[in-house]
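As the structure lists them, so they are numbered: ligands from 1, and atoms in each ligand from 1. What's counted below: heavy atoms across the whole structure, side chains too, no hydrogens, waters or symmetry copies. Numbers here are sequence positions counted from 1.
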Amino acid sequence: MEGPTALNTEQLHAWTSKAMTRARSGQLPDYIPRLSRASPHWFALQITGVDGQTHTLGDSCLQFPLMSIVKPFLLLYLLCQWGEESVFKRVGIEPSSEPYNSLSQLQHDQGWPRNPMINSGAITLASILSETDSTSGYQSLWNWLNYYGHCQLFLDERMLASVKSFPNPRNEAIARELATRGHLTEAVSALDTYNRLCCLSGTIVDLAHLGMLLLECPPPLQSSHCHTVKALMTTCGLYQASGRFAVQVGLPTKSGVSGAVLSVVPHLGVIACYSPPLNREGNSVAGLFMVEQIAKALDLSIFS
Ligand code: GLU
C-alpha cells in the first residue's frame with residue numbers, strides 16, 4: 001500500500017482550494033475569545049511518512065493550541081506511567097453520542113466519564129496529574145511530549161488567559177459533577193490542569209511529530225498503549241461524528257476546537273491539518289475534508 005506522501009503536490013493544492021471553499025460554511029468557536037479571532041483563511045497541512053518523506057502546504061509557521069488533540073497524548077502518557085488497569089479505573093472506553101462537553105451524558109452515567117476523548121474523561125485524567133503536583137503536574141506531560149515526540153510545544157499564556165477570561169459553565173459543571181460523584185478530588189485544580197494542557201501549542205510540524213509518536217511508539221512506550229489510544233481515537237476522537245468518519249474514511253483521528261486535526265495511517269504515516277472554521281460537531285471543516293480526500297485516493301482506511 002502506498003503511504004500518504006505518495007500524492008503529488010498539484011493534487012494536494014487542488015483539494016486545498018476545495019477545502020477552503022468548504023471552510024466558508026464553518027464557524028469559529030465563540031466561547032474562547034482568542035480562538036474566535038482566528039482567521040478563517042489560515043491553513044496548514046503536513047503529511048509525514050514513515051520513510052521520512054514529508055509534504056507541507058500552507059503556512060507551516062502558524063502556531064495554534066492543541067485543545068482536544070492533547071487528549072490522546074494525555075491518555076498515552078498516563079498509560080505509560082500508570083498502566084491500563086489504573087487508568088481505566090478512572091475513565092471508560094465507550095463512545096458517546098453526545099457533544100464533547102455534554103453534562104447530561106455524564107449525569108446519565110452517574111458521573112462516570114465515558115471515554116478519555118470527551119471533556120469529562122480528559123478532566124478526570126488531568127486530575128491524576130494535578131493530584132500528583134497541583135502547580136506543575138501538566139509540566140511533566142509537556143516535557144515528556146517534547147522529549148519523545150521531538151517537538152517544541154509551548155504553553156500559550158495568552159490563549160490560557162483567554163480561556164480563563166470567559167466563563168465555561170459547562171466544563172465547570174462537569175468538573176463539579178465528577179468531584180461530587182467521587183471520580184476526582186479537586187475540581188478546580190483538575191480543570192486548571194486540563195486548560196493548561198489544552199493550551200499547549202505548536203505548529204503543524206509539531207502536530208505531525210506528535211502523531212508519529214503513536215505510529216512509531218519508541219521505547220519505553222509500549223505498542224499496546226499506542227494501540228489502545230489509536231482505537232479510542234477511531235471510536236471517540238471526533239465525538240458524535242466518530243462512527244460516520246470511521247465508515248467513510250477509516251483512520252484514527254482526533255480534532256481540537258482550534259481547528260486542528262490529526263490522523264494516523266497505521267504503519268505508513270500521519271496527516272496533520274489546521275484550519276480554524278468548525279462544523280456543527282466542533283471539527284475542522286477543511287481538516288476533515290483533506291483527510292477524507294487523501295484517505296480515499298490512496299485507499300488508506302484501516303478497514304480496507
Ligand atoms: N478546551 C476546549 C474545551 O474544553 C477543548 C475542546 C475541544 O478542543 O474540542 O472546551
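Remark: ligand 1 and Ser258 share no N or O pair separated by less than 3.5 Å (distance only, no angle test). Any N or O atom pair closer than 3.5 Å counts here, and Tyr100 shares no such pair with ligand 1. At least one N or O atom of Tyr31 sits closer than 3.5 Å to an N or O atom of ligand 1. Checking only distances, Met67 never comes within under 3.5 Å of ligand 1, N or O to N or O. Residue Ser255 has no nitrogen or oxygen atom sitting less than 3.5 Å from a nitrogen or oxygen atom of ligand 1, judged on distance alone.
Ion pairing between a basic and an acidic side chain is recognised when a charged N comes within 4.0 Å of a carboxylate O; Glu281 and Arg244 show such pairing. Salt-bridge formation is detected for the pair Arg90/Glu131: a Lys NZ or Arg NE/NH1/NH2 atom is positioned less than 4.0 Å from an Asp or Glu carboxylate oxygen.
Checked against a 6.0 Å centroid threshold, the rings of Tyr31 and Phe166 do not count as neighbours.
Annotation: side chain of Pro276 is not in contact with side chain of Phe43 (no heavy-atom distance under 4.5 Å).
With hydrogens and angles ignored, the 3.5 Å screen pairs a side-chain donor or acceptor of Asn115 with a backbone N or O of Glu94.
Here is the list of ligand 1 atoms found below 4.0 Å of a heavy atom in Ser68: 5 (C), 6 (C), 7 (C), 8 (O), 9 (O). If you number the atoms of ligand 1 from 1 as listed, the ones under 4.0 Å from a heavy atom of Cys198 come out as 1 (N). Distances below 4.0 Å separate heavy atoms of Gly256 from the following atoms of ligand 1: 8 (O). Residue-ligand proximity, Tyr194 to ligand 1, at heavy-atom distances under 4.0 Å covers atoms 1 (N), 2 (C), 3 (C), 4 (O), 5 (C).
Follow the hydrophobic side-chain contacts under 4.5 Å out from Met159 and you reach Leu278 in the same cluster.
Neither the backbone nor the side chain of Asn195 has a heavy atom within less than 4.0 Å of ligand 1.
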